[in-house]
Chemist: 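Next up is a structure, given as structure tokens.
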Amino acid sequence: MKPLSPTLRDNYRYVAFRLSFEDPIRARDLQTEIERTTKSLFGDVGLSKLNVRVVAFDGTKGLVRCNIRHVPELQAALASIGKIKSNRVCVTTIGTSGTIKAAIEKYLQIEEKTRRNISSYVTVPVSGKAVRICGEEIDIVPEDRKTVDRADVQFIGITIDDNERLI
Amino acid sequence: MHAYVDIGVHAFPEGADTLKRLTLAAYQLGFSQIAVTAHSPHWSQFPDSSLPLGVEIVAATVRDLRKKIAFFRDISTIISVHGGDERINRAACKDDRVDVLMHPERGKYSGINQVTAKLAEKNEVALGLSLDYFWKTEELQRSRLLAFQRRNVSLCKKFGVQVIITSDAYSHLDLRAPRQLKALAGLLLLSDWEADIALSKAPLSIIKRRGQKIEANL
């Protein structure tokens, strides 16, 4: 079939996003979850209007494409994602652009802090095992799981200022 | 540019993240300030050196609510009431010592009617719009709660009740950027401009108003 001429094609906007997660997420699972959430919020017709697709995703940052008229709906759909395969996540939009090139240059060239695994027993501010450190952020698996169960997460989040011994 | 504020955040030991971690995450998202509020049963778990800025009073009866308001009004900057029960919602709106009525729709019905809305307007009680239903609930439960919220927002707009938007976060994974919260508020009949006020001017005015009241009493 002959391809559509550029003036007849749909116009898209590219939304750059950052993903915060407890366990790593695959691009395919993210695409499925975005579609599921959009469908849940706006229905089949809404999903077809948005025409949403994950263009790029490197594990922490990525680009989603949607119809130019439906960017607020996409932002609402991304904000509504709370879990992917029972793994708590948070999708934060960084910015919107008209081309992939501009979106990458403007929003995706910021270096992310590397996340590394540690294993250290802590007692302040909570007794447990510090398992991850990313910049100033430290994740702790607590002995008493009451608080994390209440918040529906796996880790207690602290910063280096809360426990300077871990630097 | 607006100074965005979230006054419904729950920090460790009630929530999963410490105040510093939440502040760091909120700052990265574009908030200029967050105010930790603790549910009243968890208040005593906080050390005296880092008491939360606000309290969200959980009460079983109206009498219990009044007692707790009297106890917390001198030690807390923001007095919120954990809504849901219709009698509690109405009692909270009747009391001018209350600053915010949080999520009144968590009961059987939407939680407020025209009488409650008029009382809230008269006593300067703001309606706390928790947007966490979008990512914490699913399908039918979500649609039911959002219908209630939409009705409450239209009542507040009609009677001039102040609305504040919060994420009701228990961890940094519950925080959302202001522009995302505005997009979600747009689905609840709030215009971009109204959502801006609900995220910036309204919560700031609550924090300032409380300080002015304390100064006047002194």
Chemist: Between A/Ser80 and B/Arg142, do the side chains contain an N or O donor and an N or O acceptor separated by less than 3.5 Å?
Modeler: no
Chemist: Who wins among A/Leu78, A/Asp149, A/Leu41, A/Val71 for the most heavy-atom pairs under 4.5 Å with chain B?
Modeler: A/Leu41
Chemist: Check whether B/Leu175 gets within reach of chain A through its side chain, its backbone, both or neither, counting any heavy atom under 4.5 Å.
Modeler: backbone
Chemist: Please look at A/Phe17 and chain B and tell me whether the side chain, the backbone, both or neither of the residue comes under 4.5 angstrom of a heavy atom of that chain.
Modeler: neither
Chemist: Under the side-chain contact (heavy atoms from CB on, under 4.5 Å) criterion, do B/His172 and A/Cys90 qualify, and how do the steps go?
Modeler: CA-CA 8 Å; B/His172 66 280; A/Cys90 168; over 6 Å; no
Chemist: If you count the non-hydrogen atoms of other residues, nucleotides and ligands that lie under 6.0 Å from CZ in B/Arg63, is the total more than 12?
Modeler: no
Chemist: Ignoring hydrogens, what is the shortest heavy-atom contact between B/Asp17 and A/Gly157? Give both atom names and the distance.
Modeler: OD1-N, 3.0 Å
Chemist: Could you tell me whether B/Leu140 atom CG has more than 12 heavy atoms of other residues or ligands within 6.0 Å of it?
Modeler: no
Chemist: What closest approach, in Å, do A/Pro125 and B/Phe12 show between heavy atoms, and which atom pair accounts for it?
Modeler: O-CE2, 3.7 Å
Chemist: Mind ranking A/Ala76, A/Ser20, A/Pro72 by heavy-atom pairs under 4.5 Å with chain B and telling me who comes out on top?
Modeler: A/Ala76
Chemist: Side chains of A/Arg88 and B/Asp174: closer than 4.5 Å at any heavy-atom pair?
Modeler: yes
Chemist: Indicate yes or no: does A/Lys83 engage B/Glu138 in a salt bridge with an N to O separation below 4.0 Å.
Modeler: no
Chemist: May I ask you to name which of A/Arg18, A/Glu22, A/Glu73, A/Arg36 has the most heavy-atom pairs under 4.5 Å with chain B?
Modeler: A/Arg36
Chemist: State whether B/Lys136 and A/Asp152 are salt-bridged, where the test is any N-O pair (Lys NZ or Arg NE/NH1/NH2 against Asp/Glu carboxylate O) under 4.0 Å.
Modeler: no
Chemist: Side chain, backbone, both or neither: which part of B/Leu173 has a heavy atom under 4.5 Å from chain A?
Modeler: both
Chemist: Between A/Ile94 and chain B, which part of the residue has a heavy atom less than 4.5 Å away: side chain, backbone, both or neither?
Modeler: backbone
Chemist: Given that the side chain runs from C-beta out, which part of B/Asp132 has a heavy atom under 4.5 Å from chain A: side chain, backbone, both or neither?
Modeler: neither
Chemist: Do B/Glu14 and A/Arg150 make a side-chain contact, defined as non-hydrogen atoms from C-beta onward lying under 4.5 Å apart?
Modeler: yes
Chemist: What's the shortest heavy-atom distance between B/Arg179 and A/Thr93, and which atoms?
Modeler: NH1-O, 2.5 Å
Chemist: Could you tell me the separation between the CD1 atom of A/Ile158 and the OG1 atom of B/Thr18, rounded to the nearest 0.5 Å?
Modeler: 6.5 Å
Chemist: Check this for me: A/Arg53, atom CZ, are more than 12 non-hydrogen atoms of other residues, nucleotides or ligands nearer than 6.0 Å?
Modeler: no
Chemist: Does any heavy atom of chain B fall under 4.5 Å from the side chain of A/Val91, the backbone, both, or neither of them?
Modeler: backbone
Chemist: Could you tell me which residues in residues 186-202 of chain B have at least one non-hydrogen atom under 4.5 Å from a non-hydrogen atom of chain A, sorted by residue number?
Modeler: B/Leu187
Chemist: One pair to check against side-chain contact (heavy atoms from CB on, under 4.5 Å): A/Glu136 and B/Lys20. What are the steps and the verdict?
Modeler: CA-CA 10 Å; A/Glu136 289 175 50; B/Lys20 281 175 186 164; over 6 Å; no
Chemist: What closest approach, in Å, do B/Gly15 and A/Thr147 show between heavy atoms, and which atom pair accounts for it?
Modeler: O-CG2, 2.9 Å
Chemist: Between B/Arg21 and A/Asp139, does any side-chain N to carboxylate O distance fall below 4.0 Å?
Modeler: yes
Chemist: Can you tell me if NZ on A/Lys49 sees more than 12 non-hydrogen neighbours from other groups inside 6.0 Å?
Modeler: no
Chemist: Looking at B/Arg66, I want to see if its CZ is surrounded by more than 12 non-hydrogen atoms of other residues, nucleotides or ligands under 6.0 Å.
Modeler: no
Chemist: Could you please spell out the steps behind the side-chain contact (heavy atoms from CB on, under 4.5 Å) verdict for A/Ile81 and B/Trp135?
Modeler: CA-CA 6 Å; A/Ile81 297 174; B/Trp135 57 91; over 6 Å; no
Chemist: Show, in sequence, the C-alpha distance, side-chain angles and deciding distance for A/Thr92 and B/Arg176, and conclude whether the side-chain contact (heavy atoms from CB on, under 4.5 Å) test is met.
Modeler: CA-CA 7 Å; A/Thr92 312; B/Arg176 296 292 184 273; over 6 Å; no
